[in-house]
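Below, read A as the first sequence line, B as the second, and so on, with proteins coming before strands; counting in each chain starts at 1. Hydrogens, waters and symmetry mates play no part in the numbers below; they use all other heavy atoms, side chains included.
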There are 2 protein chains.
Amino acid sequence: MSNLPDKSVNNKPRRQSRIREAHAAAILRAAEDLFSRNGYNGTALEAIADHANMSKQNLLYYFSSKELLYHRVLENVLDIWVDKMALLDQEGEDPAEMLRNYIRRKVELSRSNPNASKVFAIEIINGAPHLKDYLKERLLPVLEADVQLVRTCIEAGRMDPIDPYHLFFLIWSSTQTYADFSSQIELSLGKDELEANDFQTATDFLTHVIIKGIGLK
Amino acid sequence: MSNLPDKSVNNKPRRQSRIREAHAAAILRAAEDLFSRNGYNGTALEAIADHANMSKQNLLYYFSSKELLYHRVLENVLDIWVDKMALLDQEGEDPAEMLRNYIRRKVELSRSNPNASKVFAIEIINGAPHLKDYLKERLLPVLEADVQLVRTCIEAGRMDPIDPYHLFFLIWSSTQTYADFSSQIELSLGKDELEANDFQTATDFLTHVIIKGIGLK
DNA sequence: GTCTATAAGGGGATAGAC
DNA sequence: GTCTATCCCCTTATAGAC
């Protein structure tokens with residue numbers, strides 16, 4: 001195993017796969033960016049290729065079809081998403097602190113990955129045709145666990161007897177809006193672009209209203 | 001003026017304009033429906049025409065281009081929207097009651113016009129290229145008035161000193177999610193379709209959390 | 001891995017008969 | 001107002017040379 005690198009003097013296989021990885025990653029980034037701005041049908045492969053500094057034909061060498069490329073983009077997005085969706089990460093911690101962290105992580109995700117959020121949003125709005133099964137497998141288990149945790153808090157009298165599912169719908173929508181609806185928010189605030197400051201205000205506002213609103217003690 | 005109807009014995013002009021109105025309305029409904037499911041570029045004129053029971057060529061007789069048709073759909077949507085966005089409708093009323101009504105109206109709109117909400121959402125996510133100017137003219141004045149009203153409440157010590165803009169971002173996103181993200185919500189609740197019951201739960205939950213969360217007295 | 005060339009189909013829009 | 005026919009561009013995808 002240790003002698004394998006020596007076998008190919010010019011390191012061809014390794015260098016090639018490095019090129020492949022780099023180009024594939026560049027294509028995925030470009031695709032996410034353009035799909036988020038113009039949707040699936042509104043984005044031509046040639047535009048993605050241009051954005052990734054290569055020819056359309058070369059792009060098709062890396063991803064054999066547009067559908068496949070879109071699938072890969074969606075999977076990337078959802079993987080990032082679900083990882084941040086578990087409340088339970090830190091067992092034994094204060095419920096209020098858990099929710100605060102959850103909200104903070106979600107707003108942070110809207111700031112760092114707005115394009116991913118938008119691709120995801122458009123897919124959901126259109127009825128999640130490519131994503132429904134994957135959502136069932138990946139999202140539902142995490143959601144059920146989180147809902148159960150909230151129920152435990154309610155039964156212990158630590159928060160108001162609200163509907164746990166709707167609590168998560170509220171958190172998802174109110175945090176993701178800073179990515180998905182940024183153009184409307186920018187317009188409303190009279191800014192060309194949202195700044196770190198705005199995301200901090202959003203986080204503070206949402207944690208205040210939600211924690212207080214559900215009567216979390 | 002009163003003798004004009006008698007001039008045309010067979011009422012041709014009147015009947016023709018009735019057909020025109022009916023067909024135009026059918027096209028607009030079909031277009032809203034299909035744009036909400038597949039976006040602008042994902043929707044073929046032929047599909048809209050089929051949905052409205054006419055040929056593509058005939059559709060183009062009523063709306064001379066796809067762009068124009070899309071504009072009309074967007075205008076319809078926004079007009080419905082902005083009308084419901086004014087908090088101030090009932091001057092002198094209790095602020096808590098005003099906000100409750102506002103939230104109730106917005107959830108009701110998500111229930112009655114989900115397709116309109118989705119068309120609007122996709123347009124905003126894509127940066128509102130067709131809608132920015134119209135939003136500035138129609139939305140901003142209403143928002144500014146609403147924000148001012150909230151500020152007055154805060155200065156009177158009737159609610160917590162929260163950021164008024166973010167309060168509206170919260171209400172917009174959390175109510176519209178029941179239209180825009182309905183596929184995800186249905187999946188989460190294990191239902192094929194949201195029922196009146198679910199919208200009532202949503203309204204009750206949101207009014208509880210938001211009114212309590214901003215410390216409205 | 002990257003290029004040129006091209007097949008194959010979809011979709012917006014127009015022309016003109018009825 | 002509605003129909004048939006047609007134009008033409010755009011886009012996905014493949015074939016094959018280098």
Side-chain angles (χ1 to χ4, degrees), chain A residues 8 10-74 126 129-130, chain B residues 8 10-74 119 122 126 129-130:
Chain A
S8 58
N10 52 8
N11 273 339
K12 242 185 189 170
R14 197 180 259 176
R15 197 184 300 147
Q16 277 178 354
S17 78
R18 235 181 282 143
I19 287 181
R20 174 165 274 279
E21 270 176 46
H23 282 190
I27 292 168
L28 284 170
R29 264 197 311 275
E32 185 184 290
D33 188 15
L34 292 180
F35 283 145
S36 78
R37 279 190 279 176
N38 305 108
Y40 178 79
N41 290 288
T43 304
L45 281 183
E46 194 167 20
I48 298 174
D50 282 357
H51 214 248
N53 288 315
M54 67 181 70
S55 70
K56 176 180 62 169
Q57 292 83 349
N58 202 16
L59 184 155
L60 283 165
Y61 171 76
Y62 288 98
F63 295 88
S64 57
S65 81
K66 190 181 181 181
E67 273 279 322
L68 176 69
L69 174 58
Y70 181 64
H71 263 88
R72 290 286 173 79
V73 171
L74 279 182
N126 291 342
H130 301 82
Chain B
S8 58
N10 53 9
N11 272 338
K12 242 187 190 167
R14 196 182 262 178
R15 196 184 302 148
Q16 279 178 353
S17 79
R18 235 181 283 140
I19 287 180
R20 174 165 274 280
E21 271 175 47
H23 281 190
I27 292 168
L28 284 170
R29 265 197 310 276
E32 185 184 290
D33 189 14
L34 292 180
F35 283 146
S36 78
R37 279 190 279 173
N38 306 109
Y40 179 80
N41 291 287
T43 304
L45 282 183
E46 196 167 20
I48 299 174
D50 283 356
H51 213 249
N53 287 314
M54 69 180 69
S55 69
K56 176 178 68 168
Q57 293 83 350
N58 202 18
L59 184 154
L60 282 165
Y61 171 74
Y62 288 99
F63 296 88
S64 57
S65 79
K66 190 181 181 182
E67 273 279 323
L68 177 67
L69 174 57
Y70 180 64
H71 263 90
R72 289 287 173 78
V73 171
L74 277 182
V119 174
I122 293 174
N126 291 342
H130 301 83

**Report entry** Residues within residues 24-50 of chain A bordering DNA chain D, heavy-atom distance below 4.0 Å
**Finding:**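 Going residue by residue through residues 24-50 of chain A, the ones with a heavy atom under 4.0 Å of DNA chain D turn out to be A:Thr43, A:Ala44, A:Leu45.
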Atom [atom1] of [X] to atom [atom2] of [N]: distance rounded to whole Å?
X       : N      : atom1 : atom2 : result
A:Ile19 : C:dT2  : CD1   : C1'   : 11 Å
B:Tyr70 : C:dG12 : OH    : P     : 15 Å
A:Asn53 : C:dG1  : CG    : P     : 17 Å

Requested in this report: With sequence neighbours excluded, give me every salt bridge (Lys or Arg N to Asp or Glu O under 4.0 Å) pair touching residues 63-72 of chain B.
Outcome: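 Sorted pair list comes back empty.
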Query raised in the report: Which residue pairs pass the salt bridge (Lys or Arg N to Asp or Glu O under 4.0 Å) test with at least one member in residues 34-43 of chain B, sequence neighbours excluded?
Result: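 Only B:Asp33-B:Arg37 qualify under salt bridge (Lys or Arg N to Asp or Glu O under 4.0 Å).
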Query raised in the report: So does B:Lys56 reach the base of C:dG11 with its side chain, donor to acceptor, closer than 3.5 Å?
Result: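 Check fails, no donor-acceptor contact within cut-off.
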Query raised in the report: Which of residues 59-68 of chain B have a heavy atom under 4.0 Å from DNA chain C?
Result: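 Only B:Leu60, B:Ser65, B:Lys66 qualify.
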Report task. Compare all side-chain heavy atoms of A:Asn41 with those of B:Asn38 and state whether any distance is below 4.5 angstrom. Result ->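 The answer is no, as the side chains (C-beta and beyond) never meet within the 4.5 Å cut-off.
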Query - For B:Tyr70, all residues meeting ring-ring contact (aromatic ring centres under 6.0 Å, His included), sequence neighbours excluded - result: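 B:Tyr70: ring-ring contact (aromatic ring centres under 6.0 Å, His included) contacts with B:Phe35, B:Tyr40, B:His130.
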Write out a two-atom table: protein N or O, nucleotide N or O from nucleotides 3-5 of chain D, distance below 3.5 Å.
from	atom 1	to	atom 2	distance (Å)
D:dC3	OP2	B:Ser55	OG	3.2
D:dA5	N6	B:Gln57	NE2	3.0

Query raised in the report: Rounded to the nearest 0.5 Å, what separation is found between the CZ atom of B:Phe63 and the NE2 atom of B:His23?
Result: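 So the gap between those two atoms works out to 12.0 Å.
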